[in-house]
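Everything on this sheet refers to the single structure shown next.
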Amino acid sequence: MTASGNDDLTGAATSADVDVDLLVVGSGTGLAAALAAHEAGLSTLVVEKSEYVGGSLARSGGAFWVPGNPVLARLQPGDTVADAATYIRSVVDGSAPQERGTSFLEHGPAAIAMLSRTTPMKFMWARGYSDYHPEKPGGSAMGRTCECVPFDVAQLGAERARLRPGLMEAPLPVPITGADYKWLNLLTRAPRKSGWRVMKALGIGLGGMAVKREYAAGGQALAAGLFAGVLRAGIPVWTSAPLVGLVTDGGRVTGAVVERDGVSTRVNARRGVVLAAGGFDHDMAMRRKFQSESLLDDASLGCATNTGDAIRIGQEVGAGVSAMDQAWWFPAVAAVPGGAPAVLLADRSLPGSFIVDSSGLRFVNEAMDYMSFGQRVLERERNGDPVGDMWLVFDQKYRNSYVLAGSLFPRQPLPQEWYDNGIAVKASDPRELARRMGVDEQAFAATFESFNAGAVLGIDHDFGRGASAYDRYYGDPTVAPNPNLRALQGDSLYAVRMVLSDLGTCGGLNADERGRVLREDGSTIDGLYAIGNTAANAFGSTYPGAGATIGQGLVYGYIAALDAAGRLDRTERRSA
């Protein structure tokens with residue numbers, strides 16, 4: 001019997017062994033695996049490296065993309081799992097094993113039904129939130145994204161303090177769902193519809209406070225709901241308990257060694273170990289080796305504790321890896337010293353703006369999905385034509401109309417520290433703006449003129465911005481003929497420096513359609529599973545729709561748990 005990760009583990013002083021059926025490493029979507037295992041009758045333990053429960057899930061938008069789940073089956077029965085299978089095949093296009101996508105679809109509805117049974121959460125459909133590539137065969141312009149309705153995190157009681165905080169703390173209790181965000185961003189442009197949604201959210205938040213409830217939305221709601229289910233089931237969750245190594249016996253993983261309160265503890269796992277510890281978001285050596293030497297230090301929005309530990313430890317017992325060059329890329333506003341990048345979601349789609357590279361030229365459809373945006377940036381770098389500095393350019397009307405970077409409300413001045421740190425510049429005409437950005441004046445002036453000429457007609461001749469239903473989802477419906485295009489005007493022009501950030505890496509351990517980890521030769525490592533960002537993306541180099549990263553984590557957590565329990569082949573599955 002051996003242990004990976006530390007040559008001295010087997011001889012080190014450890015506390016008394018702990019025996020369980022299934023050990024789950026990581027407390028994000030790994031909690032779904034724990035819930036499924038518990039429902040299947042397995043004794044389960046969750047261990048978490050950080051002091052908080054929730055992982056990057058708790059910092060996310062909280063949406064999940066699981067076609068055919070019970071909410072979607074009820075609200076849009078005409079959108080079949082067969083349609084989704086066609087779509088996945090078309091977007092993945094061979095960049096991941098087809099069996100992974102097929103299994104995800106077969107078990108997805110049952111996985112979400114399990115969460116409805118085992119947690120206090122209720123789910124809703126984000127109607128109209130288009131798939132990211134709706135023009136592909138099987139794609140849906142109406143979308144397949146769902147999320148948790150605002151959830152009372154006070155249900156966690158004394159455990160509330162262990163829930164990982166979100167990215168931003170709102171000054172008022174306003175549980176804004178992803179479906180609300182689109183309209184919050186249009187508050188000045190569509191005040192009736194937007195105002196109603198904001199008032200409803202504010203009513204839920206303030207009304208909850210009056211009765212000692214604390215409503216949250218997005219990733220906070222989903223993480224809290226999963227945690228509440230785990231607490232209700234009596235599943236123990238050890239925090240500040242990092243994985244040190246895996247224990248093997250004859251090639252099978254039989255447990256793990258974790259460090260708890262400074263003491264190495266061996267957890268014997270009769271049915272296996274599920275690695276759900278995130279990716280290598282903040283291991284810059286790994287990121288520069290596998291992805292790009294130009295990436296900024298710790299610009300990822302994934303948890304700071306996501307340093308690839310589980311991936312490396314899996315490799316030590318023979319696991320193969322793939323898709324290590326991939327991440328859930330996300331363009332963002334450059335960070336001030338000591339701060340974090342601020343992601344640009346709707347901002348890039350809204351009329352009265354465009355993005356240029358360091359030469360002053362547009363290079364992409366700004367409204368495209370964020371992962372594809374990042375891939376375009378890195379593709380140019382690989383081809384020897386790096387983008388260099390990126391700038392989001394907009395006018396005063398844009399600044400007066402929309403939320404910027406998720407935190408600056410319409411008409412609110414750009415922070416002075418942005419100007420002081422070279423993140424923002426302002427000018428009265430295009431050539432002056434180009435000089436302040438440090439880009440070629442003539443090239444930028446030509447870009448400005450060309451963009452405006454097309455925008456007047458509602459046509460982006462260069463990149464087709466506004467042609468996709470996904471582009472238009474985050475556009476401004478009050479602008480015609482193209483909700484994504486408007487000519488920049490006036491004598492107040494702005495540019496904000498952008499960087500390439502991400503929501504986390506999505507390359508990792510090779511896993512099969514049951515979530516079992518595979519060796520480099522394709523053979524199975526018995527007793528070892530990998531899900532979420534610890535596993536190589538089930539969708540290869542693509543992002544099918546909002547919440548696909550969370551969706552596959554939840555579904556493969558369910559799949560792995562039932563396989564460990566020996567019940568996967570006996571569950572009801574929906575054929576794709």
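Not measured: the values here are computed from a predicted model. For the numbers below, each heavy atom of this structure counts, side chains included, while hydrogens, waters and symmetry mates do not.
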Partners passing ring pair (Phe, Tyr, Trp, His ring centres under 6.0 Å) against Y370 (at least two apart in sequence or in another chain)
Y132, F330, Y543
Do S56 and N306 pair up side chain to side chain, a donor and an acceptor below 3.5 Å, judged on atom types alone?
yes
Heavy-atom nearest pair, G507 first then M324, reads C-SD, 3.7 Å
Does a side chain donor of either S322 or N510 reach within less than 3.5 Å of an acceptor in the other side chain?
yes
Will you find, in the side chains of T505 and R287, an N or O donor that is under 3.5 Å from an N or O acceptor?
no
Rounded to the nearest 0.5 Å, how far does CD1 of I176 lie from CG of N185?
11.0 Å
Any donor-acceptor N/O pair, D389 side chain to S359 backbone, under 3.5 Å:
no
Testing the 3.5 Å rule here: is there a donor-acceptor pair between the side chains of E366 and S353?
no
Does D471 pair with R348 as a salt bridge, N-O distance under 4.0 Å?
no
Between Y470 and E135, do the side chains contain an N or O donor and an N or O acceptor separated by less than 3.5 Å?
no
Can you tell me how far apart CG (D369) and NE2 (H133) are? Round to the nearest 0.5 Å.
4.5 Å
Pairwise distance OG(S492) to CZ(F394) - rounded to 0.5 angstrom
11.0 Å
Hey, could you give me the OG/CE distance between S468 and M368, rounded to the nearest 0.5 Å?
9.5 Å
Which pair of non-hydrogen atoms, one from R164 and one from C303, has the smallest distance, and what is that distance?
NE-SG, 3.3 Å
Whether R288 side chain and Q291 backbone form a donor-acceptor pair below 3.5 Å
no
For the residue pair Q375 and Q326, confirm or rule out a side-chain donor-acceptor distance under 3.5 Å.
yes
Return yes if a side-chain donor-acceptor contact under 3.5 Å exists between D357 and W391, otherwise no.
no
Side chains of D502 and S300: any donor to acceptor distance under 3.5 Å?
yes
So with a 6.0 Å cut-off around CD of Q412, is the heavy-atom count from everything else above 12?
yes
For the pair F448 and F354, name the ring-plane relationship: parallel under 30°, tilted 30 to 60°, perpendicular over 60°.
perpendicular
Examine distances only and state if a side-chain atom of D462 and a backbone atom of D460 form a donor-acceptor pair shorter than 3.5 Å.
no
Flag for W328-N537: side-chain donor and acceptor within less than 3.5 Å:
no
As a quick check of understanding, evaluate side-chain contact (heavy atoms from CB on, under 4.5 Å) for T188 and Y402, giving each step before the final call.
CA-CA 7 Å; T188 67; Y402 311 118; 5.5 Å; no
Would you say the ring centroid of F104 lies under 6.0 angstrom from that of F539?
yes
So D476 and L186, side-chain contact (heavy atoms from CB on, under 4.5 Å) or not? Walk me through it.
CA-CA 7 Å; D476 182 342; L186 296 170; 4.1 Å; yes
If you take the centroid of each ring, where Trp contributes its six-membered ring, are Y473 and Y129 closer together than 6.0 Å?
yes
K49-T239 side chain donor-acceptor pair, cut-off 3.5 Å
no
Test N484 against L350 for side-chain contact (heavy atoms from CB on, under 4.5 Å), laying out the working first.
CA-CA 5 Å; N484 301 105; L350 291 163; over 6 Å; no
Could you check whether E432 pairs with R436 (Lys NZ or Arg NE/NH1/NH2 to Asp/Glu carboxylate O, under 4.0 Å)?
yes
Cut-off 3.5 Å, no hydrogens considered: what does the side-chain donor-acceptor table look like for residues 415-424, sequence neighbours left out?
unit_1: Q416; atom_1: NE2; unit_2: D420; atom_2: OD1; d: 3.0
unit_1: N421; atom_1: ND2; unit_2: E417; atom_2: O; d: 2.8

Note: E51-R162 ion pair, threshold 4.0 Å (strictly below)
no
Approximate separation, where rounding is to 0.5 Å, of N533 CG and L275 CG
13.0 Å
CD (E449) with more than 12 external heavy atoms under 6.0 Å:
no
Could you state the interatomic distance from CZ (R59) to CG (L503), rounded to the nearest 0.5 Å?
10.0 Å
